Amino acid sequence: MSYPVQSRSNQSDPDRSPRRPQPPLGRKRGFRTAARERTIAALRRLVARVEGQAFCLISPDGDAISFGKGEPSFTLRVHHPSGLDALSSLDALSLAHAYMEGDLDFEGDLLAAFHYQERFSDFHPATYLWRRLQPMLVGRTHVNPEWIALHYDAENAQLHAADAIWHTYTPGVYSSDDEALELGADRKLALAFDALRLQADHSLLDVGCGWGGMLRYSAQRGVKVTGLTLSRLQKEYVDQKIAEERLPAKVHYQDFFTFDPTERFDAISMMGVIEDLSDYRAVMRSLSRWLKPGGRVYLDFAAERKRFNTHSFVTQHIWPGTFRMVFMPEFVEAVRESPFELMQIDNDRRNYYLWARGMYERWMRNRERIEGEHGERLWRTFLLLYVGVAATMDRRSHSATAYRVVLELPADSDGEFHTTRTVAAIDRARGLLRAVRDRLFGLWPRGTLAAPE
């Protein structure tokens with residue numbers, strides 16, 4: 001895993017920084033001066049291209065250089081020459097690694113700092129290709145548990161930032177920009193519950209149930225809930241809540257693509273899940289088999305204008321593999337081919353921004369406690385995630401957004417999928433290749449195909 005989750009018994013001093021040692025005193029000053037000048041030139045070019053707020057750079061030798069007009073909103077403090085190299089590259093992944101290693105720090109308004117991120121490069125073809133190739137070679141069901149565990153088995157550290165009641169890990173619905181995460185989460189769950197037309201004694205499948213927000217909200221109202229998760233720590237947490245609150249619910253440690261229920265459900269919820277599934281046609285086929293005629297599916301998710309635009313930092317350190325923000329034309333086409341009807345769609349971009357900003361602010365306030373329990377590297381990694389997501393949802397280009405969607409399987413539906421002959425032939429070919437791959441997979445030890453360094 002990219003960040004070691006530390007326990008109290010094995011961690012070093014939590015106040016100790018992971019920064020690298022300073023270079024030997026004998027190193028030629030000319031080398032460091034050249035690196036600083038390259039960095040200054042790169043940042044000047046960045047400021048010229050982006051209408052962002054002013055900031056200050058403090059180099060390893062203590063010099064302060066200002067960029068932009070007006071009072072600086074944030075400061076880039078470089079502790080090690082490699083931090084200068086990362087800045088001069090204007091490469092998003094290199095900058096993330098430099099921050100995670102403590103080679104540079106952000107001080108001040110991080111949201112202002114991350115407004116520059118859209119102009120950073122992110123060209124890492126090996127990372128891009130491997131995340132597509134690995135599941136094709138070994139099958140998603142073999143790699144999904146490890147992928148999901150990377151982010152969600154981090155000793156439940158995310159609860160330090162999430163709302164304190166439902167622990168939702170997707171945006172709430174907020175009536176104002178300063179409303180608490182708890183109120184937004186409660187409103188979102190109520191809207192989802194009503195959209196699914198749930199009643200006491202109905203059955204709900206909560207795919208990717210997380211820390212049990214929708215599961216508990218629905219079960220407390222008499223709904224019989226089945227949750228799916230690929231995080232063992234989340235399952236333990238939700239199982240405990242079910243026992244404490246005596247809820248009519250159960251949780252399975254189960255992959256979406258291998259789930260095979262014996263009965264259909266009255267409703268299905270998928271909050272922040274379909275980004276990890278990404279094969280929308282396969283998802284629609286499963287949902288249509290699991291849902292009773294007349295039932296509904298609720299989804300919320302982040303979306304992008306480009307089909308495959310996941311940052312390398314996210315792929316390597318947060319959600320590896322085939323994770324991607326939803327490409328709406330492809331998603332809507334999969335719905336069109338399916339027997340589902342699209343009943344409701346709401347833009348959730350502002351809610352997503354407010355939620356991520358709230359998570360970032362709470363993560364910052366709880367820094368000392370989080371570092372004490374989980375280590376500084378994990379704190380820095382998740383900080384990049386939360387502030388990065390908030391800035392992404394606040395771009396002036398609006399290239400990233402989010403949606404809440406409700407689908408319905410009509411009571412009189414024939415259940416047929418209306419795909420073209422070409423698509424049907426491709427699906428059959430893919431099915432055949434998957435069958436061959438699964439047979440061959442047993443010929444070499446599991447774990448042989450590791451991700452490239």
Side-chain angles (χ1 to χ4, degrees), residues 148 151-176 178-196 198-200 202 204-231 233-252 267-275 297-302 346 348 350-363 365-366 370 382 385-386 389-390 402 404 406:
I148 299 301
H151 185 69
Y152 294 105
D153 278 352
E155 291 193 344
N156 295 331
Q158 298 92 326
L159 298 185
H160 289 291
D163 71 274
I165 300 172
W166 302 112
H167 313 312
T168 56
Y169 208 54
T170 55
V173 176
Y174 308 98
S175 61
S176 65
D178 57 356
E179 190 170 57
L181 294 181
E182 285 74 18
L183 293 175
D186 196 76
R187 186 178 294 109
K188 189 269 281 287
L189 295 175
L191 288 172
F193 189 90
D194 291 343
L196 291 172
L198 286 167
Q199 301 176 16
H202 276 188
L204 169 69
L205 174 65
D206 188 17
V207 181
C209 63
W211 288 276
M214 184 63 179
L215 179 147
R216 291 172 52 226
Y217 185 94
S218 301
Q220 288 177 9
R221 288 154 179 78
V223 176
K224 292 175 283 191
V225 187
T226 299
L228 299 184
T229 182
L230 271 178
S231 165
L233 292 183
Q234 284 183 338
K235 183 181 185 310
E236 292 174 6
Y237 184 89
V238 180
D239 281 340
Q240 182 178 351
K241 288 291 186 181
I242 290 172
E244 290 173 355
E245 300 174 12
R246 299 182 179 181
L247 300 175
K250 57 186 176 182
V251 180
H252 298 291
I268 300 174
S269 58
M270 302 176 66
M271 297 182 178
V273 172
I274 199 167
E275 297 97 322
V297 181
Y298 172 94
L299 309 95
D300 57 33
F301 49 79
D346 293 290
D348 225 16
R350 188 63 181 173
N351 288 319
Y352 215 113
Y353 162 72
L354 293 173
W355 170 74
R357 189 189 70 180
M359 295 280 285
Y360 149 64
E361 291 171 348
R362 291 189 180 191
W363 194 253
R365 288 198 300 268
N366 290 316
I370 295 166
F382 279 45
L385 170 65
Y386 299 142
V389 169
R404 284 173 283 131
V406 178

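Every value quoted in this text rests on a predicted model; they were computed, and no experiment measured them. Sequential numbering from 1 along the given sequence is applied to the chain's residues. Values reported hereafter were calculated over all heavy atoms of this structure, with side chains retained and with hydrogens, waters and symmetry mates removed.
The closest side-chain heavy-atom distance from Val251 to Thr229 is below 4.5 Å. Tyr298 places none of its side-chain heavy atoms less than 4.5 Å from the side chain of Met214.
Using a distance-only test at 3.5 Å, with no hydrogens or angles considered, no donor-acceptor pair links the side chain of Arg404 to the main chain of Asp346. Asp163 contributes no side-chain N or O that, together with a main-chain N or O of Ala185, makes up a donor-acceptor pair within less than 3.5 Å.
Taken from CG in Leu181 to CD1 in Ile165, the straight-line distance is 10.5 Å, to the nearest 0.5 Å.
What you find for Leu159 and His167 is that their closest heavy atoms are CD2-CB, 3.7 Å. Among all heavy-atom pairs drawn from His160 and Asn366, the shortest one is O-ND2, 2.8 Å. Taking all atoms of both residues into account, the shortest heavy-atom contact from Ala161 to Trp363 is CB-CE3, 3.9 Å. Nearest heavy atom pair, residue Ser218 against residue Leu204, reads OG-CD2, 3.5 Å.
A side-chain hydrogen bond (donor to acceptor under 3.5 Å, both in side chains) with Lys188 holds for exactly one of Thr170, Asn351, Thr168; it is Thr170. Each of Tyr386, Trp355, Phe382 was scored for a side-chain contact (heavy atoms from CB on, under 4.5 Å) with Tyr360, with one residue passing: Tyr386.
Under 4.0 Å is where a charged nitrogen must lie from a carboxylate oxygen, and between Glu182 and Arg362 at least one such pair does.
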